[in-house]
Number of protein chains: 2
Amino acid sequence: MVGIRDIAKKAEVSISTVSYALNNSPRVSEATRKRIQTIAQEMNYIPNMAGQNLRKQKTDIIAVYLSSYQGTFYSELLEGMNTKANELGFDLIVCSGKRAHLFLPQRLIDGILVIDMTYTDEELLKYADLKYPIVVLDRKLEHDNVKTVLLDNRTGSQAAVKDLIKKDVDKIYIISGPQKNYDSIERTKAAVEVAESEKIPYEIIVGNFDETSGYEAGSKIEIESWKKYGVFALNDEMALGIYNYMYENDIDIINQLIISGFDKNKVMQYLNPPIKSVYYSKYEWGAKAVTVLNDLIKEKETEDELIATYYGTN
Amino acid sequence: MVGIRDIAKKAEVSISTVSYALNNSPRVSEATRKRIQTIAQEMNYIPNMAGQNLRKQKTDIIAVYLSSYQGTFYSELLEGMNTKANELGFDLIVCSGKRAHLFLPQRLIDGILVIDMTYTDEELLKYADLKYPIVVLDRKLEHDNVKTVLLDNRTGSQAAVKDLIKKDVDKIYIISGPQKNYDSIERTKAAVEVAESEKIPYEIIVGNFDETSGYEAGSKIEIESWKKYGVFALNDEMALGIYNYMYENDIDIINQLIISGFDKNKVMQYLNPPIKSVYYSKYEWGAKAVTVLNDLIKEKETEDELIATYYGTN
DNA sequence: TCATACATGCGAAACGTTTCTATTGCAAGC
DNA sequence: GCTTGCAATAGAAACGTTTCGCATGTATGA
């Protein structure tokens, strides 16, 4: 392992000079800077992060905490985060599971992006009290050191329900996610508002955002043949479950029952008929979240953000 | 930030004693160990990784290098890796993009799992020369310090082609991936062997593992109405592209042309008709890779591994 | 000519741990 | 009672950097 010392020896200067040279500090002359840098190159010097981290008390690494790697859902989000993070001079690492949760207090990373409901609000607020920079994407949290970058669940949900109503459905089923889930609550609220203001009967069935719960929800929908139904599943996994149930039970998914989803998973467009879904740029979502986190870390003024959503097949 | 020093002061012992106590060393008495540990608890002490890493010259972190987060492909693989890594006392982080590539030489991590063709063989071998523990999942590499955990591409491919032949196809199209891609080469080889030994005409169309290239490959397949064709796409993305092309061009995907894929993506089963695909446990693949990496890090004897594949709709 | 300023470089401390070696005190063995 | 041995603890060095404060030498201005 060649270190800064070895370079100093070879270049016959002090280690501090080497450090300054390698960091392009104006405290060394142009000449020695160049000289040292080429020597470092020749010796294949690579700085030791542990040493740097210890001294600098920062790592320029930020992390996303995911509850699981499952699901196609995250890919685009992560791409957005990664690109923006690199742009801002950070490395992004992705972690899942409770072990990684020590990275932040252990100062291995400079900040976190949370989209993982297995972390409780209390836990996160505790970290926030300790001034660790945190951005959450999966809940609303009130704290000076925590920022939120959330979806505009309202607009998309409203559009979805209005679309169902336009198709002349007689009743709308809203298939919600877990009871305390922020997105689920918001989407439900917006959907209910539209249904009520348009005076369309509606019913809420509680699911938990996975496909099985959608399937089960499907079985709870009572279908009378002379009526037409709209089903607004609050995410696509559940929409898929409902689709499967209806398909297996020979329900006409165009004329008798219309399904709308949320998230615009790729699968939806391969279904026959395809299912409309609320969509938004996961890429932009991820990028925005990182931008806000960066502001937090650099102690710039920063605001909570809202990511726009749209509705359609697009 | 409460550190080991603060605890020492409070407990009125030396910092070395604190360190021993916190690490459950037998060098301190049971009594003081307990005493110090409760004090540490009370003070909310969390060890500083930078300090530990610097001193211990290791981090107990391993990383997966992915070329992108794109695609549902990785989810299960990562779950397998993560679970096994935690079991073995490691944290797993997921990195994508060229920036992260310094983590290893910078000693931020103890070893890497590579499934990212943007890293060249030379690059990896250079690291291997430096004794960094590396496991590759996407190529075959001959080096004492590099182990491979690969798919058994042969068995699955052979089964897929045999299945097509059993369906009485008159000709088989093999849609390959990138020319130098290890998996693609192996799958092609195995497929060709079967076709030749069974004396079925075949043709290879070069794709690049993405959906578009599959679509284009589809357009290159010349269909004569009195013949029946088998198409073996070397991954599911391309199979999907072909499916789309055929669907748009009204080709009968049951009687005129049969598509087989590789990887068993979730989407495949929602297609109508569903497409058969070669499958294998990505979870097991990931877990095995981590096991081998662990052996390498701990300098245990270890072997290259081969992950079994199967064929079907299951 | 002398004081001042500045460019350049050096030495040393610091970051928070772990772990080797040294010291102390006490019990056991003769 | 005196050595020996061991358990328990303390001291100090080390890991690899960065950065503060200081020293040196040279150029500048009056």
Side-chain angles (χ1 to χ4, degrees), chain A residues 1-37 39-40 43-61 89 102-110 130 132, chain B residues 1-37 39-40 43-61 89 102-110 130 132:
Chain A
M1 275 299 84
V2 24
I4 215 177
R5 272 188 175 71
D6 307 299
I7 302 179
K9 206 168 289 171
K10 188 148 190 175
E12 295 180 306
V13 293
S14 72
I15 61 166
S16 49
T17 302
V18 174
S19 176
Y20 286 127
L22 294 178
N23 290 299
N24 290 311
S25 155
R27 295 187 61 158
V28 291
S29 69
E30 186 64 20
T32 48
R33 184 212 320 276
K34 285 247 174 72
R35 196 165 61 84
I36 289 173
Q37 282 182 351
I39 290 180
M43 298 180 78
N44 273 317
Y45 169 73
I46 294 177
N48 178 305
M49 276 195 109
Q52 290 184 319
N53 293 346
L54 182 58
R55 173 63 220 217
K56 300 210 282 195
Q57 298 291 79
K58 64 170 191 152
T59 62
D60 292 324
I61 301 175
L102 283 175
F103 282 174
L104 190 60
Q106 286 172 333
R107 328 281 15 213
L108 183 77
I109 50 183
D110 295 345
L130 296 169
Y132 300 137
Chain B
M1 274 300 85
V2 23
I4 214 177
R5 270 189 177 71
D6 307 298
I7 301 178
K9 204 169 292 170
K10 189 145 188 178
E12 296 180 305
V13 293
S14 72
I15 61 166
S16 49
T17 301
V18 173
S19 175
Y20 287 129
L22 294 178
N23 290 298
N24 290 312
S25 153
R27 295 187 59 159
V28 293
S29 69
E30 187 63 21
T32 48
R33 183 211 322 275
K34 284 246 174 74
R35 195 165 62 85
I36 290 174
Q37 284 182 349
I39 291 180
M43 298 180 78
N44 272 318
Y45 168 73
I46 294 178
N48 179 305
M49 275 195 109
Q52 291 183 319
N53 293 346
L54 182 58
R55 172 65 218 217
K56 300 210 283 194
Q57 298 291 80
K58 66 171 193 152
T59 62
D60 292 323
I61 301 175
L102 284 175
F103 282 174
L104 190 60
Q106 286 172 332
R107 325 294 357 226
L108 184 76
I109 50 183
D110 296 345
L130 296 168
Y132 300 138

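Letters A, B, ... are given to chains in the order of the sequence lines, protein chains preceding strands, and every chain is numbered from 1. Any value given below was found using the heavy atoms of this structure, including those in side chains, with hydrogens, waters and symmetry copies removed.
- With sequence neighbours left out, the salt bridge (charged side-chain N to carboxylate O under 4.0 Å, His left out) criterion links B:R33 to B:E30.
- Side chains of A:D6 and A:K10 form no contact here, defined as non-hydrogen atoms less than 4.5 Å apart.
- Side-chain contact between A:Q37 and A:N24: present, with at least one pair of heavy atoms (C-beta onward) separated by less than 4.5 Å.
- Side-chain contact between A:L108 and B:I61 is present, with heavy atoms from C-beta onward closer than 4.5 Å.
- For A:I15 and D:dC20, the CD1 to C1' distance is 14 Å, given to the nearest whole Å.
- Positionally, the nearest nucleotide of DNA chain C for A:T17 lies more toward the 5' end than for the other of B:S19 and A:T17.
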**Request:** Go through B:S19 and B:S16 one step at a time and tell me if the side-chain hydrogen bond (donor to acceptor under 3.5 Å, both in side chains) criterion holds.
**Result:** CA-CA 5 Å; B:S19 175; B:S16 49; over 6 Å; no
Please list, one pair per line, the donor and acceptor atoms closer than 3.5 Å that link side chains of residues 49-58 of chain B to other protein atoms, with sequence neighbours excluded.
residue : atom : partner : partner atom : Å
B:N53   : ND2  : B:M49   : O            : 3.2
B:K58   : NZ   : B:D60   : OD1          : 3.4

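- Each end of the helix from C:dT1-D:dA30 to C:dC30-D:dG1 yields a helix axis from five base pairs, and these two axes differ in direction by 50° (to the nearest 10 degrees).
- Judged by distance alone, with hydrogens and angles left aside, the side-chain atoms of B:R35 form a donor-acceptor pair with the main-chain N or O of B:A11 at under 3.5 Å.
- Between the side chains of B:T17 and B:S14, at least one donor N or O lies within less than 3.5 Å of an accepting N or O.
- Contact annotation: the side chain of B:I39 never approaches that of B:Y45 to less than 4.5 Å [non-hydrogen atoms, C-beta and beyond].
- Annotation: proximity of residues 21-32 of chain B to DNA chain D (heavy atom, distance under 4.0 Å) is found for B:R27, B:V28, B:S29, B:T32, numbered in ascending order.
- Bracketed by its first and final contacts, the part of DNA chain C lying under 4.0 Å from non-hydrogen atoms of chain A reaches from C:dT8 to C:dG16 in 5' to 3' order.
- Here B:L22 contributes atom CG and B:I4 contributes atom CD1; the two are 6.0 Å apart, rounded to the nearest 0.5 Å.
- Here B:S14 does not reach the OP1 or OP2 of D:dG11: none of its side-chain N or O atoms lies under 4.0 Å away.
- Listed by residue number, the members of residues 46-58 of chain B with any heavy atom below 4.0 angstrom from DNA chain D are B:L54, B:R55, B:Q57.
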**Request:** Show your working on side chain to side chain contact (heavy atoms under 4.5 Å, CB included) between B:D110 and B:Y132 and close with a plain yes or no.
**Result:** CA-CA 8 Å; B:D110 296 345; B:Y132 300 138; over 6 Å; no
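- As a whole-Å value, the separation of B:R5 CZ from D:dA10 P is 15 Å.
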